[in-house]
Structure formats: C-alpha cells, structure tokens
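Worth saying up front: this structure is predicted, and the values here are computed from it rather than measured.
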Amino acid sequence: MQLGSCFLDSLTVTSFFGNAEMRGVFNDRQLMQSWLDVEAALARAQASLGIIPTAAAQAITDSARLDRLDTAVLAADAADTVHPLVPLVRALTAACPGDAGRYVHLGATTQDVMDTGFVLRARAGLDIVTRQVDELVRILRRLALRHRTTPMPARTHGQQALPTTFGLRCAVWQSELQRHRARLAQMRERLLVTSMGGAAGTMAGYGPQAFALERAVAVELDLGVADTPWHATSDRFAECLMVLGLVAASAEKLAREIYFLGRTEVGEAYEPQRATQVGSSTMPHKRNPIRCEAVIAAAGTLRAQVPLALQTMVAQDDRDMGVGMTLWKLLPECFILIGGALERLVEVFGDLGVNPDRMRSNLDITGGLVLSEAVMLRLAGPLGREQAHHLVMRIVRDSLEQNRPFVDVLRADPQVAAALPGTELAGLLDPLSYVGHAAALVDRALLNSESP
C-alpha cells in the first residue's frame, strides 16, 4: 500500500536514501496506526459531546492499537474488499469489547480518516525536516564564523571571478535555509487541519453537533479546523511537497558545491571520509563524495515529483480519488527522500574538510588576473572608467596570449606606469586586499537571521 516501504527492501537503497527515523513515520504500520488514532480521537470527541457512551470511547481508544489487531487478517480482508480502510474499521470493531464496536467510525467517511491520518504523519515528518534544517543552519553559521575571513576564489560562469571568503559562502547558504525554515513554519498552519467533510462534504453524517464535533476532534489531535471540507482540494499537500521541493533544491545545491570544491584540481573543501570507508573497489586512492552524490540523486528525484503534486489539485467534483490516491505515493516517498538527503548533508557539513591553504593557492593560479577589477577601478580615476576598462582588458589579453605574468605586462604599460606607482600596484594584486565587505556581510547575515 505504501511506496515508502519499498525503501526497506534493499540494503543498498536504504544506505543512500531515507533515514531510519523518517521511514519509521512513513511505513505501512504507521499508516494504519495514524488511521486508528483518528478513529480513536473521533470516538473520544463524540463521547465528550454525549453522542456515544464514554465507556465505548475508552474501549475504542484502548483497542485502536495496531499491535492488538491481526495484520494477517487485515491483509486478507484488504485483498477481498479492495478497500484501504474498511478492513481496519472491521478489525477495530471486532477488537472492541462488549458493544463498543458499534460506535466505531460513526458518521465518518473513509477520506476523512485517511486525509487526517496523512496530516498526522505529515506533521511528524515536518517535525523531523524542521529539526534537520535547524541543525544544518547551526552548522553553517559556525562555519561562516570560523571562515569569516578565509579567502577563496569566487566563481562566476564556471571561472574565477574575484576573491571572496568561504565564510560569506556559508552565510549565503544558511540564509537560504533560513527562508526555508520560515516557509516550513508558515505552511504548517495551513496543512495541519482535520478533514471531516463526511461522504459528500456536507458533514451530514455527523449530525446536529457536526461543528462542535469537528472542533473536538481537532482538539484531540492538536490540529486546526478547516473552513470548508477539502476532499477535492489538495492544495495543502501540494504546498507541502512544493516546500519540500524547495528544500531539496537547496540541498542539492549544497551537495554539488562540495562535490565541485572537492575535485582533485580544486581541493578547497571535501566530504569527510571514515577510516573504514571504501571509495572504489579497484582504485585505493579514491575518496568519493558518496554522501553528496546520494543527496543529488534524492533531491533530483524529489523535485521531479512537484509537478505531480500540483496535478493532485486538479480534482473533479466533490471527491476524485483518481488524483487523491497519488498522494498515497507522493507523501511517503518525498518525506523519505528529503529526510535522507538532509541527514547526509548534516553528516557532510558537520565534519567538513576545509583547506584554506588550497583556497589561497587557487587564488594565485591566475597570476593576479583575478584582481583585474581592482586595477581597472583604480585606473578609472585618472583615465576614466571606459578607457581604464579597455586598457586593462587589452593587458589581460596580452598576458594570456603571450603567457606573461599579468603584473609584468601591467608594469610594462606606460599608461599604467604613469598612473600607478609600483608599490601600489603590488598592493592591488594582493587577493586579501580585495575581499570587499565579505566579513561584514557575514556579520550582517548572522545578526539578521535567527539562530535555531
């Protein structure tokens, strides 16, 4: 019934996708237990309003535990009825002592119970995701402070651009995740509501106290109350999966950054490696970024589900399980994927290898070309910006074509020599002199964002 349980079938898959905590929420047993929790809450709420006997509600609550039901009988009944909930309702009814079973599922319809159960599990999943994002933000904030002034090449269009600091890079990453924290919090209020529309969304089966009952069930489950029935409106779940898609995109971005920075030719930052970890079955020297690769794969798979999540909003009439059933697959799969991706990222950044010496040496690879903007802006004073830009661009071209150091070509140019003393030119070509306001930007980013 649950696609999420397929992650339990293969050791290879479970090693790289998902994590134990999230799979513990999104498996078949927890699926059925969430439905039982809704049935028990409905009974208690009905008892609080005098609709059913208090003793019956207590008996239903005591019996609404999956470990008290025969799962083999449930499976066989599901095959016979071809129905997701009826076998569970029958089993719970039979498990209740005395005549308490007659009050099970009173007035409810299948989708009320299923949707509210999905909300309960989504809440548990969001708790995990939020905690993981919080931990990743904390780690990135520490890295930003530690490397606040650690110089490294900024890269644009795949090439070195100007000097920056690794701390600023980390501060930018944590700021993006901070916005996801806000999105997760804002979305919870819209998502975490009960579904109690009844068979056709009119709440007719719940009787004259339907609104009071709805509020009572919401209190029992610590959920909100929806303004209208939402059997045919899946925007809440669609929004949830879209936000998870945003988090996944950021997760992939971070993983790809470390994947790139760890290349042999770059070597500026790298995924931690355990002493027992094997990079390759045949090349002993390999230190493969396997966690980052798992994040990239999981995040890409999750993001591909977002259009399908949006499709679930295109429901017909007052209920349309042709699209509604899609959520049975999407919810567990997407939560499991993001849970595993974030766990891998916490592992990677929590013990990230950072090589400041390599960052600095990479800044020197261009022989000063990475400081061409600094030289151009200094020359803009005596020469004007357009003429200075044209002059420095020509000198850069000559340096590359003639394979001569940038500084030598600069010194040999009469216009540069007339405008810039040699000592000042040397200072302009020092990468540490042109990291701009990177450190102050780190301070501002951390000051203006919340430390979880």
Side-chain angles (χ1 to χ4, degrees), residues 1-5 25-46 52 56-57 59-96 100-124 193-206 213-214 217-218 220-221 223 226 229-234 236-237 312 315 318-332:
M1 186 182 301
Q2 282 277 83
L3 184 64
S5 62
V25 173
F26 291 94
N27 59 46
D28 285 344
R29 294 189 64 84
Q30 286 304 312
L31 170 71
M32 290 185 284
Q33 185 59 58
S34 72
W35 295 344
L36 290 170
D37 291 342
V38 175
E39 295 285 4
L42 173 63
R44 293 193 300 272
Q46 289 170 327
I52 70 172
I60 293 171
T61 297
D62 292 342
S63 301
R65 289 167 43 188
L66 191 60
D67 57 10
R68 292 194 173 189
L69 307 181
D70 190 329
T71 54
V73 171
L74 278 173
D77 201 9
D80 287 341
T81 61
V82 197
H83 195 280
L85 186 66
V86 164
L88 195 68
V89 172
R90 288 177 175 175
L92 176 58
T93 299
C96 290
R102 64 188 290 190
Y103 301 107
V104 170
H105 198 65
L106 185 63
T109 194
T110 294
Q111 196 169 348
D112 287 345
V113 176
M114 292 179 61
D115 283 351
T116 306
F118 284 139
V119 167
L120 293 178
R121 291 199 304 154
R123 179 173 64 189
V193 296
T194 59
S195 174
M196 291 188 63
T202 64
M203 302 180 72
Y206 290 119
L213 178 61
E214 183 181 36
V217 170
E220 288 287 342
L221 296 174
L223 295 174
W230 50 279
H231 289 165
T233 54
S234 298
R236 292 177 172 87
F237 287 130
T312 66
D318 299 292
R319 198 188 310 190
D320 181 358
M321 291 311 293
V323 295
M325 289 175 68
T326 306
L327 290 168
W328 302 2
K329 166 189 178 294
L330 287 182
L331 278 173

S.K.: Do you know which two heavy atoms are closest between Met114 and Pro84, and how far apart they sit?
M.R.: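 Shortest heavy-atom separation between Met114 and Pro84 comes out as SD-CG, 3.7 Å.
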S.K.: With no hydrogens and no angle check, is any side-chain donor or acceptor of Gln33 less than 3.5 Å from a backbone partner on Leu66?
M.R.: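 Here the side-chain-to-backbone pair exists.
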S.K.: Can you tell me how far apart CG (Asp67) and CZ (Arg29) are? Round to the nearest 0.5 Å.
M.R.: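 Reported to 0.5 Å precision, the distance equals 7.0 Å.
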S.K.: Would you check if Val104 and Cys96 make a side-chain contact, meaning some heavy-atom pair closer than 4.5 Å?
M.R.: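 Yes - at least one pair of side-chain heavy atoms lies under 4.5 Å apart.
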S.K.: Apply the test side chain to side chain contact (heavy atoms under 4.5 Å, CB included) to residues Tyr206 and Leu42: give CA-CA distance (whole Å), side-chain angles for both, the deciding distance (0.1 Å), then the verdict.
M.R.: CA-CA 10 Å; Tyr206 290 119; Leu42 173 63; 4.1 Å; yes
S.K.: Kindly compute the distance separating CH2 (Trp230) from CG (Asp112), expressed to the nearest 0.5 Å.
M.R.: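 Atom-to-atom, Trp230:CH2 and Asp112:CG are 9.5 Å apart.
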S.K.: Any donor-acceptor pair under 3.5 Å linking the side chain of Arg68 with the backbone of Asp62?
M.R.: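 Between the backbone of Asp62 and the side chain of Arg68 there is a qualifying donor-acceptor contact (under 3.5 Å).
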S.K.: Can I get a per-line list of side-chain donor-acceptor pairs under 3.5 Å for residues 195-205, giving both atom names and the distance, sequence neighbours left out?
M.R.:
| unit_1 | atom_1 | unit_2 | atom_2 | d |
| --- | --- | --- | --- | --- |
| Thr202 | OG1 | Ala204 | N | 3.4 |

S.K.: Tell me, with the steps shown, if Val25 and Arg121 meet side chain to side chain contact (heavy atoms under 4.5 Å, CB included).
M.R.: CA-CA 6 Å; Val25 173; Arg121 291 199 304 154; 4.2 Å; yes
S.K.: Under the criterion side chain to side chain contact (heavy atoms under 4.5 Å, CB included), I'd like the reasoning laid out for Val217 against Leu223: C-alpha separation, chi angles, the key distance, then a yes or no.
M.R.: CA-CA 8 Å; Val217 170; Leu223 295 174; over 6 Å; no
S.K.: Roughly how far apart are Thr116 OG1 and Gln111 CD, rounded to 0.5 Å?
M.R.: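 The distance works out to 9.5 Å.
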S.K.: Say you draw a straight line from OG1 of Thr312 to NZ of Lys329; how long is it, rounded to the nearest 0.5 Å?
M.R.: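 Thr312 atom OG1 to Lys329 atom NZ measures 12.0 Å (nearest 0.5 Å).
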S.K.: May I ask you to test the Leu36-Leu69 pair for a side-chain heavy-atom distance under 4.5 Å?
M.R.: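 Counting from C-beta outward, Leu36 and Leu69 do come under 4.5 Å.
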S.K.: After noting the C-alpha distance and the side-chain angles of His231 and Asp320, does the key distance pass the side chain to side chain donor-acceptor pair (under 3.5 Å) rule?
M.R.: CA-CA 8 Å; His231 289 165; Asp320 181 358; over 6 Å; no
S.K.: Taking all non-hydrogen atoms of both residues into account, name the closest pair between Leu31 and Ser34 and its distance.
M.R.: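 The answer is O-OG, 2.6 Å.
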S.K.: Starting at CG of Leu327, measure out to CZ of Arg236 and round the result to the nearest 0.5 Å.
M.R.: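 Here the interatomic distance stands at 13.0 Å.
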S.K.: If I compare all heavy atoms of Phe237 with all of Asp115, which pair ends up nearest, and what's the gap?
M.R.: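 Residues Phe237 and Asp115, closest heavy atoms: CZ-O, 4.0 Å.
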S.K.: Would you check if the side chain of Gln46 reaches a backbone N or O of Leu106 as a donor-acceptor pair within less than 3.5 Å?
M.R.: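 Such a contact is found between Gln46 side chain and Leu106 backbone.
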S.K.: Work out which heavy atom in Trp35 is nearest to a heavy atom in Gly117; give both atom names and the distance.
M.R.: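 Between these two residues, the closest heavy atoms are CD1-CA, 4.1 Å.
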S.K.: Can you give me the closest heavy-atom contact between Gly101 and Thr93, atom names plus distance?
M.R.: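 Scanning both residues completely, I find the closest heavy atoms to be O-CG2, 3.4 Å.
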S.K.: Please name the pair of heavy atoms, one in Ile60 and one in Leu92, separated by the smallest distance, quoted to 0.1 Å.
M.R.: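 Taking every non-hydrogen atom into account, O-CD1, 4.0 Å.
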S.K.: Distance from Glu220 atom CD to Leu213 atom CG, nearest 0.5 Å?
M.R.: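 Rounded to the nearest 0.5 Å, the CD-CG separation comes to 10.5 Å.
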S.K.: Counting C-beta onward and ignoring hydrogens, is there a side-chain heavy-atom pair between Arg90 and Thr81 closer than 4.5 Å?
M.R.: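 Yes; the side chains approach each other to less than 4.5 Å.
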S.K.: Any chance you could lay out the side chain to side chain contact (heavy atoms under 4.5 Å, CB included) test for Glu39 and Leu88, step after step, and finish with the verdict?
M.R.: CA-CA 10 Å; Glu39 295 285 4; Leu88 195 68; over 6 Å; no
S.K.: Would you call the rings of Phe118 and Trp328 parallel, tilted or perpendicular if under 30° counts as parallel and over 60° as perpendicular?
M.R.: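 Aromatic pair Phe118/Trp328 classed tilted.
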